[in-house]
Number of protein chains: 2
Amino acid sequence: MIKVPNIVLRPGNINVEAEQGSTLLQVIQKAGIPIVSICGGRGVCGKCRVIVVVGTENLDHLTNAELRLLSPQDIKRNVRLACQAKITGAYVVIYIPEESLITSRERAVAPVTLRDDIFPLTPLVRKIHIKLSRPTLKDNRSDFERLREVLVMQGHLPAETDLIIPLEVLRELPSILRSSDWDVTVVLYGNELVSVEPGDTINQLYGVAIDIGTSKIIACLVDLNSGKTLAEDFLENPQLAYGADVLSRITYAEKSQENLVKLQQLLLSAINKLIKNLTKRAGVDQRDIYEVVVVGNTVMHHLFFRIQPSFIARSPYVPAISSSFKCRARDLGVEINKHGYIYSLPVIGAFVGADAVANILATQMYKSEEPVLVVDIGINTEVLLGSSKIILATSAPAGPAFEGFGITHGMRAVLGAIGSIRINDSNVEYETIGGAKPRGICGSGLVDLVAELYRNGIIDSLGRFTVTNHPRVRRDHGLWRFTVALAEESATGAEIYVTLRDIETVLLAIAAIKTAWTILSGRLGVDPSEISRVYVAGSFGAKLNVDNAIEVELLPPVNKERVIFVGESAIAGAKIALKSLKARREVEEVVKTRVKYIELSADPEFREVYTKLIRIGSVKRVKSSLKKYESD
Amino acid sequence: MIKVPNIVLRPGNINVEAEQGSTLLQVIQKAGIPIVSICGGRGVCGKCRVIVVVGTENLDHLTNAELRLLSPQDIKRNVRLACQAKITGAYVVIYIPEESLITSRERAVAPVTLRDDIFPLTPLVRKIHIKLSRPTLKDNRSDFERLREVLVMQGHLPAETDLIIPLEVLRELPSILRSSDWDVTVVLYGNELVSVEPGDTINQLYGVAIDIGTSKIIACLVDLNSGKTLAEDFLENPQLAYGADVLSRITYAEKSQENLVKLQQLLLSAINKLIKNLTKRAGVDQRDIYEVVVVGNTVMHHLFFRIQPSFIARSPYVPAISSSFKCRARDLGVEINKHGYIYSLPVIGAFVGADAVANILATQMYKSEEPVLVVDIGINTEVLLGSSKIILATSAPAGPAFEGFGITHGMRAVLGAIGSIRINDSNVEYETIGGAKPRGICGSGLVDLVAELYRNGIIDSLGRFTVTNHPRVRRDHGLWRFTVALAEESATGAEIYVTLRDIETVLLAIAAIKTAWTILSGRLGVDPSEISRVYVAGSFGAKLNVDNAIEVELLPPVNKERVIFVGESAIAGAKIALKSLKARREVEEVVKTRVKYIELSADPEFREVYTKLIRIGSVKRVKSSLKKYESD
Ligand code: FES
Ligand code: FES
């Protein structure tokens with residue numbers, strides 16, 4: 001292929017070489033610029049917009065996707081979709097606007113409301129300070145035996161336990177013992193001697209809990225002596241450059257081993273950055289971190305461990321491993337103590353991951369006598385229903401509507417997003433995140449909007465406009481729309497509205513989720529209204545109006561007090577597992593023996609119920625016809 | 001430093017650059033030529049002889065060591081000791097004679113007479129062929145769980161056992177299962193899933209047993225399905241270039257991390273060469289080897305694992321580890337299956353290693369009601385005495401006399417070595433190894449010689465010549481000598497003789513060994529004559545004349561039938577451990593609970609008894625005065 005010199009990327013004026021025929025998206029990604037490509041470059045999301053400053057003639061013609069997704073004004077301004085524009089000639093200068101960049105600026109994490117101290121503090125990694133007797137000619141046991149026997153004698157190690165020592169630790173042992181004058185701190189990870197440190201370092205013992213979400217990665221630094229969280233941080237998942245949903249990432253990963261490695265490296269670099277930030281902020285040495293507990297959905301889990309995720313995406317949807325898994329941090333490249341470990345909670349199935357297990361642990365639903373529902377809302381919504389006897393787990397393909405994708409003026413819950421809406425006849429009130437001028441509508445705003453439109457009789461139970469003479473209702477290019485914010489109110493100077501198609505998209509997303517909890521209720525023989533607690537997890541958080549969520553049947557028809565917003569609760573579960581070996585073993589056992597995974601997407605009942613449930617207010621009509629779960 | 005181009009090493013005409021001031025030995029070692037340097041370059045052994053062909057003027061003057069160790073004829077022929085000759089100028093051509101090269105040509109391994117099939121065949125590494133049901137939507141357990149559950153169901157794995165899967169194996173699992181159509185062979189190493197192979201590969205399962213001796217490395221390839229040894233081979237230990245005894249190697253290793261790595265690499269390259277040879281000969285794929293069991297003395301053990309051995313050599317003589325130890329073959333660089341393991345039997349103390357443990361296992365002495373003695377004769381002689389109740393272990397610093405080093409015409413037991421001698425008045429008969437013309441005297445010949453000289457009254461019990469008119473006895477440069485082979489009989493055309501000093505050296509070596517078994521007998525309260533079996537291990541092998549060995553008190557005064565030559569029996573022990581997990585656990589337990597290590601070199605009783613025992617026939621006078629062993 002012919003190399004085309006001088007593609008210039010702005011801002012930054014980055015000069016890159018590209019191959020003729022490659023897309024601007026490929027060039028930008030190669031240059032390491034975190035460009036948004038929600039649909040993974042398929043010309044569907046329209047988010048990879050760039051402006052051609054010089055050299056429009058050196059790019060291929062506009063594609064059909066661009067003609068569909070770009071406005072005439074866009075086209076006049078030389079906007080292109082990076083994934084569509086192919087390079088044909090020698091010199092192109094591209095400007096990448098800020099909104100096309102992945103950035104964690106202004107993004108908030110919904111506060112976790114679940115406690116992470118419900119188990120006594122007994123982490124798997126332990127530090128023990130010991131003083132050894134110096135060897136003499138009468139007692140010249142080996143260094144390792146001398147140390148082992150003290151650990152046994154002091155009751156830190158059952159006598160019959162094999163103490164394992166890794167080669168590298170063994171190699172350092174003799175000199176450390178002698179240079180510290182036989183006064184050392186040993187670090188035990190279960191029955192493995194992962195480190196020996198000179199002197200008393202008992203006080204320096206830390207762990208990190210990480211929730212690898214599809215769109216963001218949250219990390220907490222935990223002091224394993226006190227159980228306290230010392231620092232907390234998050235980053236956008238840099239894999240967003242390869243698609244917002246897990247399926248685009250699988251598609252990318254399965255193309256080549258190189259791509260798979262690339263996706264893993266993106267996670268690792270973000271995780272290492274988080275660890276660096278956390279330790280810096282808390283004044284902790286990274287080498288004093290001995291364990292990282294990760295949770296994440298099954299695809300994130302596989303990508304993190306660099307396991308090819310292909311078979312997760314294809315029927316019959318099989319993960320490589322579902323039990324808990326551990327490996328050395330160093331074997332992955334996670335920058336903690338060189339002998340430290342990575343532990344992942346088990347996953348439940350292809351689309352219900354370790355984050356759901358973390359939720360099971362954090363909500364303690366497996367100890368409840370009454371049925372408990374956990375809904376973790378995201379592009380892929382995990383739904384768990386059960387009690388101490390059995391827990392049914394499934395996932396609902398809600399799609400990215402609640403993240404604002406696929407909605408004309410949708411956006412994520414960041415500064416300027418309309419997060420709640422109230423309609424009173426012709427009067428429309430809204431609140432934005434941070435109180436800024438509105439730029440778009442985020443998930444909770446969309447739920448409010450649908451509920452309010454329905455309650456005010458502006459749309460019917462299928463989302464169709466029934467009122468055409470409302471001041472905010474208008475028809476444009478043959479499509480009905482409802483204006484939420486007027487042009488003069490908005491940050492962009494343009495109207496913020498939803499179209500009929502947007503409303504349908506939201507109803508489909510809601511239907512996917514309600515189908516999940518409706519079917520699970522049916523299988524368990526529980527009436528949805530009898531659910532004793534409903535935990536709503538995910539970044540939706542407390543912004544969601546419960547009445548409206550129940551009105552549109554996103555949540556079951558329970559007494560409003562039973563709904564608990566738990567925010568990014570998976571991180572609480574990860575912390576509990578980090579701090580308590582007992583908790584970890586307990587939930588591992590629960591997953592192995594009491595959690596039943598149901599593959600809804602492949603269940604004929606799903607399609608049938610889903611179709612019926614698109615209509616608002618349809619749950620009570622559907623529920624009696626449901627199949628019951630038969631244990632096998 | 002100034003680089004001096006063109007040092008040419010012959011044969012081979014290898015051109016090397018060297019630094020001014022470096023020795024020829026350093027240059028030759030850097031070039032990777034296996035030159036003998038028994039004393040580690042200290043100018044003591046005189047074995048690193050090379051001939052300067054061109055450029056004598058470009059080498060520094062003869063050193064005192066050379067003046068002492070080289071004959072006037074040598075000096076005339078431009079012979080230099082490589083470790084002494086320093087490079088001062090630009091062009092030197094060196095010839096390295098064959099006798100200065102480490103070579104395993106003509107070297108024999110004493111046949112092992114102990115059986116290695118005394119335990120049922122139950123190796124730690126197992127292959128299991130399984131067929132898995134294909135996943136369906138109704139049964140989409142993860143690949144790992146599917147596999148694990150079959151192993152449990154078929155009874156290969158207790159249900160409560162955690163099956164461990166390494167990251168790399170997990171990464172390969174999904175594609176192997178699918179490409180093999182769910183018909184695979186799994187390889188278990190204990191409770192670890194070390195490999196999954198497509199189809200039925202049950203028949204390909206091998207292990208290697210290795211005895212890393214100070215002077216040679218023996219390896220056996222074992223079929224773990226039949227327990228049969230498929231091939232056996234050995235190589236000189238290439239570390240011989242850094243000294244024949246372990247202490248020179250420790251001295252070299254502790255100088256720098258680089259030196260330590262160098263010594264380990266030498267072992268590894270020899271071991272990998274052996275594995276390659278063995279598998280080639282047996283038509284076996286190296287990747288089908290899943291475990292290597294190594295035994296060796298404690299210093300070889302440490303150098304093999306690249307653990308700094310400094311503290312072994314210094315009082316109070318402490319190894320880094322004494323328990324059995326395992327690590328991944330790959331972490332060391334041993335070329336077997338990439339997920340395979342290296343296992344080492346435990347060591348007993350600084351100078352009684354895993355080879356001695358192998359002897360305990362192979363001789364089964366820990367099951368004997370009566371006291372059993374094991375003497376493994378080498379530069380460092382390991383002595384074990386005990387029964388099913390307790391085993392005392394110690395080492396005797398016999399020195400390299402029996403390897404022929406430090407003896408004027410000493411040589412190792414290779415072609416042309418005088419291995420047995422009979423003297424009848426003035427008549428001297430001898431036999432050589434391979435029936436060749438004699439070139440020197442090896443260990444068994446030296447024992448015979450001392451015994452025959454003493455029996456014939458030519459020397460007294462302290463080795464002093466008492467007869468001066470014997471035709472073979474002569475005085476030269478003030479030193480008495482005895483001629484074994486006349487100049488006209490020998491391969492070199494020169495007389496082969498021993499001097500008074502040589503005889504004293506042999507008596508000191510014998511005294512060291514007899515002190516060891518005498519003291520151990522005393523501590524156990526056993527009369528040496530009551531020892532029920534005496535196993536003689538080491539390359540001495542069957543060549544040793546038992547009567548003579550008892551006469552000079554190298555061995556205790558037992559009935560000759562009780563003496564069993566077992567050759568390189570440590571390799572038999574290694575094979576037993578490779579083939580039987582039960583045997584391995586059994587001997588590990590014995591070492592942990594019933595073997596008591598005694599540091600003789602540091603024991604005041606040693607020096608005292610040793611001095612008395614230099615005299616032939618002194619054991620019975622000494623034994624009554626010995627200390628008894630007090631258990632602690
Ligand atoms: S349209 Fe280009 S990445 Fe989605
Ligand atoms: S004299 Fe040179 S190595 Fe021994």
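Letters go in sequence order (proteins before strands), and every chain restarts at 1. Note that the structure is a prediction, hence the values are computed from the model and not measured.
Contact count versus chain B (heavy atoms, under 4.5 Å) is highest, among A:I321, A:L163, A:V347, A:T136, for A:I321. Taking chain B as the reference chain and counting heavy-atom pairs below 4.5 Å, the highest number among A:K592, A:E168, A:R178 is found for A:R178. The choice from B:G349, B:S315, B:S323 that makes the most heavy-atom pairs within less than 4.5 Å of chain A is B:S323.
The parts of A:I165 that come within reach of chain B are both its backbone and its side chain, each placing non-hydrogen atoms under 4.5 angstrom from that chain. A:R141 touches chain B through its backbone: at least one of N, CA, C or O sits under 4.5 Å from a heavy atom, while the side chain does not. In this structure, the portion of A:F311 lying under 4.5 Å from any heavy atom of chain B is its side chain and not its backbone. If you measure heavy-atom distances from A:L173 to chain B, the contacts under 4.5 Å come from the side chain alone.
Side-chain contact between A:P319 and B:D143 is absent, with no heavy-atom pair separated by less than 4.5 Å. Between A:F144 and B:S322 there is no side-chain heavy-atom pair separated by less than 4.5 Å.
In this structure, NZ in B:K326 is found 7.5 Å from CG in A:D162, a value given to the nearest 0.5 Å. A distance of 11.5 Å separates CD of A:E599 from NZ of B:K138, quoted to the nearest 0.5 Å. Within the model, atoms CG of B:L167 and CD1 of A:I342 stand 10.5 Å from one another, a figure rounded to the nearest 0.5 Å. In this structure, SG in A:C327 is found 12.5 Å from CD1 in B:I164, a value given to the nearest 0.5 Å.
When atom types are taken as modelled, the side chain of A:N140 and the backbone of B:V318 share no donor-acceptor pair closer than 3.5 angstrom.
With sequence neighbours left out, the ring pair (Phe, Tyr, Trp, His ring centres under 6.0 Å) criterion links B:Y341 to B:Y189. Partners of A:R607 by side-chain hydrogen bond (donor to acceptor under 3.5 Å, both in side chains), not counting sequence neighbours: none found. Shown here are the side-chain contact (heavy atoms from CB on, under 4.5 Å) partners of A:D181, two or more places apart in sequence or in another chain: A:R134.
Residues of residues 294-310 of chain B lying under 4.5 angstrom from chain A, judged on non-hydrogen atoms, are B:F305, B:R306, B:I307 by number.
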